[in-house]
Amino acid sequence: MPGHTGRQQYKKNNYNNHKKDQRPIIIDENNPVLKAFQSYAIELDAKHDRYERIVKMSRDITIESKRIIFLLHSIDVRKNNKQKVLEEARTRLEKVIACNFKAIAEELHGHDPYQFRGAYSPGLQEFIEAYTFMEYIKYVENDSEGAGGDEGGEMSDWNALQKKMTYPASEEKEVKDEEEITTSSKASTMFFVDPNEYILGVSDLTGELMRRCINSLCSGETDTTMACCKALQKFFTGYISLNVHRCRELSRKIYTMRQSVLKAENVCYNVKVRGGEAAKWGAMFDSKSIADDIDEGFF
């Protein structure tokens, strides 16, 4: 069509004329706006690099915490290895605090920790789960078994854990001028333990208590089974009193906690009804059935 060919020729001529009129763009390196955006780019790149480094550190904490939890589940009264396992778990947890969390605290020094919360949150929650599980077996479980009640226990609260993650200034930074010593030597590095993260981490502890409840039944420790069930009921009673509307993650964890309480209560019910046969019945539970069997009961 002639009209169509004419439009193509017009666009081609217009493009060639526009190309001839183009001149090289001269960028003023001293432009304050350009300098400002260059500084923004450097700052964002540094923030993203720091975020990725913290993610890698958090992943190491998560892996080590899971291994410690698996180690704690290897406690068996028939092997008489409780004290040995608890001592090894405590040593490894203290090493995580002294090395891994200190490295994250140094990365976050002088920065807002809430900006990097998503980077270290999984590792922190997993560590709190492992640490409180170790303390429960070491203190609360021993007290409840010895006294036959629910009293006692020395599990660390949020403040105690925060004190453990406050590190004094290193000596290398103090070898400077006298004026710098007075300012830098008094500054301590602290890994900020968000109270919300502590609550979420402790809520994960209930899943490990449910597993210990069933494992204890398989090894014939019915007293430990009953003690774990009572602890689960207390945890669940406290958590359902919280306002979960502002935290979707906590609401999901409380629902999972309820499933753990129901499983533990079912185990204890069979202990009371079946007596000596309950240990054989509990042996039918394995890790897969515990993970897959989700009770969809009434609320």
Which distance, rounded to the nearest 0.5 Å, do you find between the CD of Gln125 and the OG of Ser203? 7.0 Å
Is Pro113 close to Tyr120 at the side-chain level, that is, under 4.5 Å between some pair of heavy atoms? yes
Closest heavy-atom contact between Ser156 and Ala160? CB-CB, 4.0 Å
Give, for atom CG of Leu217 and atom SG of Cys229, the distance between the pair rounded to the nearest 0.5 Å. 11.5 Å
Check the hydrophobic clustering (I, L, V, M, F, W, Y; side-chain heavy atoms under 4.5 Å; chains of links allowed) and say if Ile69 and Ile63 are grouped together. no
Please answer whether the main-chain N or O of Arg248 pairs with a side-chain N or O of Arg252 as donor and acceptor at a distance below 3.5 Å. no
Any chance you could measure Lys253, atom NZ, to Leu205, atom CG, to the nearest 0.5 Å? 11.5 Å
Evaluate the ring planes of His73 and Phe133, with Trp represented by its six-membered ring, and classify them as parallel (under 30°), tilted (30 to 60°) or perpendicular (over 60°). tilted
Same apolar cluster: Ile240 and Met210, side chain cutoff 4.5 Å: yes
Under 4.0 Å between a Lys/Arg side-chain N and an Asp/Glu carboxylate O for Lys164 and Glu94? yes
Within a strict 4.5 Å, meaning less than it, do heavy atoms of the Met155 and Tyr139 side chains meet? no
Under the side-chain contact (heavy atoms from CB on, under 4.5 Å) criterion, do Ser74 and Leu71 qualify, and how do the steps go? CA-CA 5 Å; Ser74 66; Leu71 173 66; 3.9 Å; yes
Linking I/L/V/M/F/W/Y whenever any side-chain heavy atoms sit under 4.5 Å apart, do Ile128 and Leu242 land together? yes
Those residues at least two apart in sequence (or on a different chain) that pass ring-ring contact (aromatic ring centres under 6.0 Å, His included) with Tyr114 are Phe192
Check whether any side-chain heavy atom of Tyr136 lies under 4.5 Å from a side-chain heavy atom of Cys228, and answer yes or no. yes
Closest approach of Gly123 to Thr62 (non-hydrogen atoms, all atoms of both residues): CA-OG1, 3.2 Å
Taking the side chain as every heavy atom from C-beta outward, state whether Met190 and Tyr167 have any pair of such atoms under 4.5 Å apart. no
Just by distance, do the side chain of Asn81 and the backbone of Asp76 share a donor-acceptor pair under 3.5 Å? yes
Can Glu197 and Arg117 be counted as an ion pair, charged N to O under 4.0 angstrom? yes
Side chains of Leu262 and Asn266: does their closest heavy-atom pair fall under 4.5 Å? no
Check whether any side-chain heavy atom of Tyr239 sits under 4.5 Å from a side-chain heavy atom of Thr206, and report yes or no. no
Give a yes or no on whether Asp45 atom CG has more than 12 heavy-atom contacts from other residues, nucleotides or ligands under 6.0 Å away. yes
So which atom in Ile104 and which in Ser58 form the shortest heavy-atom distance, rounded to 0.1 Å? CD1-N, 4.4 Å
Would the distance check show the side chain of Glu129 and the main-chain N or O of Gly201 forming a donor-acceptor pair, the cut-off being under 3.5 Å? no
Carefully, step by step, assess Ile199 and Trp158 under the rule side-chain contact (heavy atoms from CB on, under 4.5 Å). CA-CA 9 Å; Ile199 293 174; Trp158 169 73; over 6 Å; no
Working for side-chain contact (heavy atoms from CB on, under 4.5 Å), residues Phe191 and Thr166: CA-CA 6 Å; Phe191 177 83; Thr166 302; over 6 Å; no
Would you give the length of the straight line joining atom CD1 of Ile137 to atom CZ of Arg212, rounded to the nearest 0.5 angstrom? 4.5 Å
Is the shortest distance from a Lys or Arg side-chain nitrogen in Glu135 or Lys138 to a carboxylate oxygen in the other one below 4.0 Å? no
If you take the centroid of each ring, where Trp contributes its six-membered ring, are Phe127 and Phe101 closer together than 6.0 Å? yes
Would you mind reporting whether Gln115 and Leu108 have side-chain heavy atoms less than 4.5 Å apart? no
Any donor-acceptor N or O pair under 3.5 Å, side chains Thr225, Glu221: no
Lys47 bridged to Glu43 by N-O distance under 4.0 Å: no
Working to the nearest 0.5 Å, report the span between CD1 of Ile75 and CG of Leu86. 4.5 Å
Contact between Ser65 and Ile61 at the side-chain level, heavy atoms closer than 4.5 Å - yes or no? yes
Passes side-chain contact (heavy atoms from CB on, under 4.5 Å), Asp204 versus Glu208? Steps please. CA-CA 7 Å; Asp204 292 333; Glu208 307 307 327; over 6 Å; no
Taking the hydrophobic residues Ile, Leu, Val, Met, Phe, Trp and Tyr, and joining any pair whose side-chain heavy atoms are under 4.5 Å apart, which ones share a cluster with Tyr40? Val33, Phe37
Find the distance between OG (Ser121) and CZ (Phe116) and round it off to the nearest 0.5 Å. 14.5 Å
